[in-house]
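Below, chains carry the letters A, B, ... as their sequence lines are ordered, and counting in each starts from 1.
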Number of protein chains: 2
Amino acid sequence: MALKYSRQREAIKEFMMSRKDHPTADSVYMHIRDEYPNISLGTVYRNLQLLTELGELQKIRVGDGLDHFDADTSLHYHFYCNECGAVIDMNMDSIKEINDIASKTFDGIIESHNLTFSGICGKCIPKS
Amino acid sequence: MALKYSRQREAIKEFMMSRKDHPTADSVYMHIRDEYPNISLGTVYRNLQLLTELGELQKIRVGDGLDHFDADTSLHYHFYCNECGAVIDMNMDSIKEINDIASKTFDGIIESHNLTFSGICGKCIPKS
DNA sequence: TACAAATCAGTAATGATTACTGAAATTATA
DNA sequence: TATAATTTCAGTAATCATTACTGATTTGTA
């Protein structure tokens with residue numbers, strides 16, 4: 001039942017920590033294959049899921065139907081580019097009090113919130 | 001190229017307008033079958049998509065991996081119950097200025113934002 | 001070193017959604 | 001009103017992301 005070390009998991013973790021672009025499972029798979037050509041896509045999915053449960057990663061859903069992952073597990077917001085699909089970190093302060101504000105007009109327990117922006121990113125503006 | 005009337009689309013539209021629980025395509029399909037036993041799931045998907053493009057519906061993604069639809073196309077927020085999966089409207093005011101606030105620290109064009117809360121809804125608190 | 005348990009690679013299965021096809025319904029026109 | 005043109009439909013097959021399964025390999029421990 002105990003957690004055992006695995007090179008693959010370690011490689012996935014290191015890759016994720018080196019990234020700020022919130023890769024999907026498939027994107028991780030493509031990159032990890034440089035180092036581990038035989039790694040299986042299932043292994044990537046399983047370890048991303050495991051690392052998320054361990055609190056080392058955060059699963060991010062920005063509305064494109066794909067699961068993105070982020071090694072920065074602090075509360076922060078994201079931007080999704082409708083043009084190129086990039087997921088970018090927002091620098092604005094997170095609004096911690098918003099859960100309390102929302103609670104006042106809601107019958108239930110609010111545990112968390114997710115705020116995602118979308119539009120056109122800086123790189124795509126010239127093209128559009 | 002012109003849009004033609006269809007009973008099925010009209011039925012889907014009316015069903016959606018009678019609902020406040022943000023049904024998924026499958027849920028719409030199940031209900032519409034009472035009236036149209038032969039309707040196809042593909043027809044439901046196609047018309048939900050079409051009605052969304054026409055601006056009569058709004059597609060909502062609350063992070064459960066399913067597409068929910070809402071006949072209330074105004075800007076408002078939703079709550080997702082981690083216990084029963086219900087998607088519930090929030091009564092709080094929408095923060096229109098938040099796009100401007102976010103724009104100040106972001107290089108790109110922010111067109112919209114999506115704010116979703118999650119936790120345990122009123123009906124599920126007694127059980128938990 | 002040897003055993004038990006976790007992890008793996010490879011592959012099959014799942015579930016939501018989309019695409020395809022020939023038939024039926026709707027609209028425009030004669 | 002009949003006909004032709006075009007959209008929409010039902011039914012089904014295909015796609016895509018993700019998850020589950022299986023027998024072989026790794027890892028931790030005695």
Determine whether more than 12 heavy atoms belonging to other residues, nucleotides or ligands lie under 6.0 Å from atom CG of B:Asp93. no

Once side chain to side chain donor-acceptor pair (under 3.5 Å) is applied, what residue pairs with a partner in residues 14-32 of chain A remain, sequence neighbours excluded? A:Arg19-A:Asp21, A:Arg19-A:His31, A:His22-A:Asp70, A:His22-A:His78, A:His22-A:Asp89, A:Tyr29-A:Arg33

Side-chain N or O of A:Gln8 versus OP1/OP2 of D:dT26: is the shortest distance under 4.0 Å? no

For residues A:Gln58 and A:Asp72, report the shortest heavy-atom separation together with the two atoms involved. OE1-O, 2.9 Å

For DNA chain C, the residues among residues 26-64 of chain A that have a non-hydrogen atom under 4.0 Å from it: A:Asn38, A:Ile39, A:Ser40, A:Thr43, A:Arg46, A:Asn47

side-chain hydrogen bond (donor to acceptor under 3.5 Å, both in side chains) partners for A:Ser6, two or more places apart: none

Roughly how many Å is it from CG in B:Asp67 to P in C:dT17, rounded to a whole number? 5 Å

If we count only N and O atoms by modelled type, under 3.5 Å, do the side chains of B:Thr116 and B:Asn114 hold a donor and an acceptor together? yes

Considering only Ile, Leu, Val, Met, Phe, Trp and Tyr, and joining two whenever side-chain heavy atoms are under 4.5 Å apart, list the other residues clustered with A:Ile125. A:Ile120, B:Ile109

Could you run through nucleotides 21-30 of chain C and give me one letter per nucleotide, 5' to 3': B if any protein heavy atom sits under 4.0 Å from the base, S if only the sugar-phosphate is that close, - if neither? ----SBS---

Once ring pair (Phe, Tyr, Trp, His ring centres under 6.0 Å) is applied, what residue pairs with a partner in residues 84-119 of chain A remain, sequence neighbours excluded? A:Tyr77-A:His113, A:Phe106-B:Phe79

Can you name the nearest heavy-atom pair linking A:Phe15 to A:Ile32, along with the distance? CB-CD1, 3.9 Å

